[in-house]
Amino acid sequence: MKIGILGGGQLGRMLIQSALKYDDEFYTLDPASDAPCHNISYFTQGNFNDYETVLNFGKDKDVVTIEIEHVNADALAELEKQGIRVVPNANIIKTIQQKILQKEFYKAHNIPSPEFQVVWNSDEKIIMPLPFVQKMNIGGYDGKGVQVIKTEDDFQNLWKEASVIENMVDIDKELSVIVARNEKGETNTFPVTEMVADPKLNLLDFNVCPVLLTEDVQEQIDAITEKFLNAVNSPGLFAIELFLDKEGKVWVNETAPRLHNSGHQTQEGNTNSQFEQMYRVVKNLPLADTDAITYSGMLNLVGAEGYSGKVVYEGMEDVLKLPETYVHLYGKTETKPGRKMGHINVLADCREELMEKLVKVKGMVRVISE
């Protein structure tokens with residue numbers, strides 16, 4: 001099968017790496033000539049936001065999927081009309097890539113998400129109480145396009161672009177659940193993961209799985225995933241990012257219609273990884289089982305402050321000596337502050353041991369430059 005992927009980044013790279021044990025051809029489209037997928041796929045350098053480029057890329061493929069949601073969804077809709085399978089479908093990609101449509105989707109389907117106001121321009125009066133979160137309608141990812149407005153003085157920092165103004169949740173835990181659905185309507189869900197963010201970069205720092213949750217919280221999450229999968233009515237793999245507030249209520253923060261950073265620990269921590277599951281969804285095969293084997297966690301390898309240029313992984317040899325520790329690099333030769341360059345997965349017998357290992361490994365390795 002000819003499988004086309006819009007985006008040639010690390011998510012596409014790990015999907016292809018996982019699927020190399022099967023018999024398919026992978027084609028990727030990315031604007032960067034040295035994208036992580038450029039040397040492990042049939043690579044096309046081009047703009048995945050350009051209508052004609054996406055149309056031409058996809059027209060001879062059996063199926064087209066994405067590893068980034070900021071692509072030309074209108075071109076994907078046209079490919080669907082021409083009989084090309086698109087996973088997930090163009091409609092749900094278009095809905096999720098715009099924060100306004102995404103929030104209205106949750107509201108229409110009674111999926112709990114924080115109260116919000118849509119602001120189309122800077123002249124509109126904001127009625128949400130302080131503090132609140134502003135999310136740009138389009139283009140945001142990895143903490144970009146999101147900011148917290150705490151005081152009236154912060155109003156001068158408001159972005160002028162169309163945005164969602166969202167009520168701020170009193171967060172106890174940030175959680176993620178990765179769900180999959182194939183074209184036959186079969187569904188499966190990975191165990192819930194806790195996400196620990198780097199407060200400075202607003203990027204994911206650690207993943208920890210499984211999470212100890214009360215029966216009530218787990219039931220809320222199960223209800224959310226069931227409603228979501230029924231509402232999207234599309235094959236795909238989706239990462240639903242959740243807030244658990246301090247009163248025990250679960251809210252949907254946002255959803256990614258693709259593979260996700262919060263699922264990387266599944267590579268060694270689960271019976272099958274999110275990448276295996278995504279491959280099966282794309283091929284419309286029976287879904288893989290997703291049980292956790294043991295406690296697993298992930299830490300991102302992110303470019304250190306003050307370093308730009310050819311990448312050097314300081315301390316990596318010592319990390320490679322550790323048991324149950326697995327390094328995944330993304331094939332990016334140039335580092336810069338805050339850039340995701342890879343990740344490390346760690347296994348343990350209990351949560352306490354896992355956190356100790358993650359903190360230890362984080363202190364051992366630094367992503368710097370020559």
Side-chain angles (χ1 to χ4, degrees), residues 7 11 49 66-73 88 91-178 195-205 224 227-228 231-232 238-245 249-262 338 340:
L11 297 175
N49 273 301
I66 61 171
E67 62 106 59
I68 182 170
E69 57 267 46
H70 303 300
V71 299
N72 196 302
N91 183 56
I92 196 63
I93 293 172
K94 192 164 194 172
T95 298
I96 289 177
Q97 70 185 190
Q98 298 182 53
K99 290 291 193 297
I100 292 170
L101 293 180
Q102 190 180 151
K103 291 289 289 187
E104 288 173 346
F105 171 85
Y106 300 142
K107 189 174 182 179
H109 294 283
N110 296 313
I111 295 170
S113 187
E115 289 289 318
F116 70 101
Q117 174 190 355
V118 174
V119 174
W120 293 103
N121 59 63
S122 56
D123 297 329
E124 292 186 52
K125 182 178 171 61
I126 293 174
I127 58 174
M128 295 298 293
L130 289 165
F132 58 77
V133 180
Q134 183 183 23
K135 297 179 177 179
M136 272 190 209
N137 185 39
I138 56 173
Y141 71 100
D142 276 354
K144 300 176 181 69
V146 178
Q147 65 173 341
V148 177
I149 303 297
K150 296 179 180 176
T151 67
E152 289 190 8
D153 289 342
D154 291 338
F155 271 73
Q156 64 185 345
N157 300 323
L158 278 169
W159 295 313
K160 294 178 169 52
E161 293 89 346
S163 304
V164 167
I165 304 297
E166 191 174 270
N167 187 41
M168 199 162 172
V169 175
D170 191 11
I171 300 170
D172 180 41
K173 287 185 174 71
E174 291 192 48
L175 306 171
S176 172
V177 61
I178 293 178
M195 302 184 291
V196 182
D198 182 317
K200 188 174 179 186
L201 292 172
N202 199 20
L203 271 177
L204 190 59
D205 202 5
I224 284 168
K227 278 185 179 179
F228 179 85
V232 296
F238 304 91
I240 307 173
E241 296 180 55
L242 306 163
F243 293 141
L244 173 62
D245 73 19
K249 168 85 173 166
V250 179
W251 306 89
V252 174
N253 174 24
E254 57 190 41
T255 302
R258 53 167 171 79
L259 298 155
H260 197 258
N261 202 171
S262 65
K340 288 182 186 173

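Since this is a predicted model, take the numbers as computed values, not measurements.
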Tabulate below the donor-acceptor pairs under 3.5 Å that side-chain atoms of residues 108-116 make, not counting sequence neighbours, or state none.
| unit_1 | atom_1 | unit_2 | atom_2 | d |
| --- | --- | --- | --- | --- |
| S113 | OG | K103 | NZ | 2.8 |
| S113 | OG | V252 | O | 2.9 |

Is E166 reaching over with its side chain to a backbone N or O of K135, donor-acceptor style, under 3.5 angstrom?
-> no
Would you confirm whether N157, through its side chain, and I149, through its main-chain N or O, come within 3.5 Å as a donor-acceptor pair?
-> no
Roughly how far, to the nearest 0.5 Å, is [atom2] of [Y] from [atom1] of [X]?
X: M128; Y: L130; atom1: CE; atom2: CG; answer: 10.0 Å
X: F243; Y: N253; atom1: CZ; atom2: CG; answer: 3.5 Å
X: T95; Y: I100; atom1: OG1; atom2: CD1; answer: 12.5 Å
X: K249; Y: D245; atom1: NZ; atom2: CG; answer: 8.5 Å
X: I92; Y: Q97; atom1: CD1; atom2: CD; answer: 10.5 Å
X: I126; Y: L158; atom1: CD1; atom2: CG; answer: 4.5 Å

Provide the closest heavy-atom pair for [X] versus [Y] in the form atom of the first, atom of the second, distance.
X: A231; Y: F105; answer: CB-CZ, 3.5 Å
X: K125; Y: Q117; answer: O-NE2, 2.8 Å
X: P88; Y: F238; answer: CB-CZ, 3.9 Å
X: Q102; Y: I96; answer: NE2-O, 2.9 Å
X: E67; Y: G7; answer: CG-O, 3.3 Å
X: M195; Y: L175; answer: CE-O, 3.4 Å

Can you tell me if Q147 and Q134 form a side-chain donor-acceptor pair at under 3.5 Å?
-> yes
Kindly indicate, with the supporting measurements, whether the criterion side chain to side chain contact (heavy atoms under 4.5 Å, CB included) is fulfilled by Y106 and T255.
-> CA-CA 10 Å; Y106 300 142; T255 302; 2.8 Å; yes
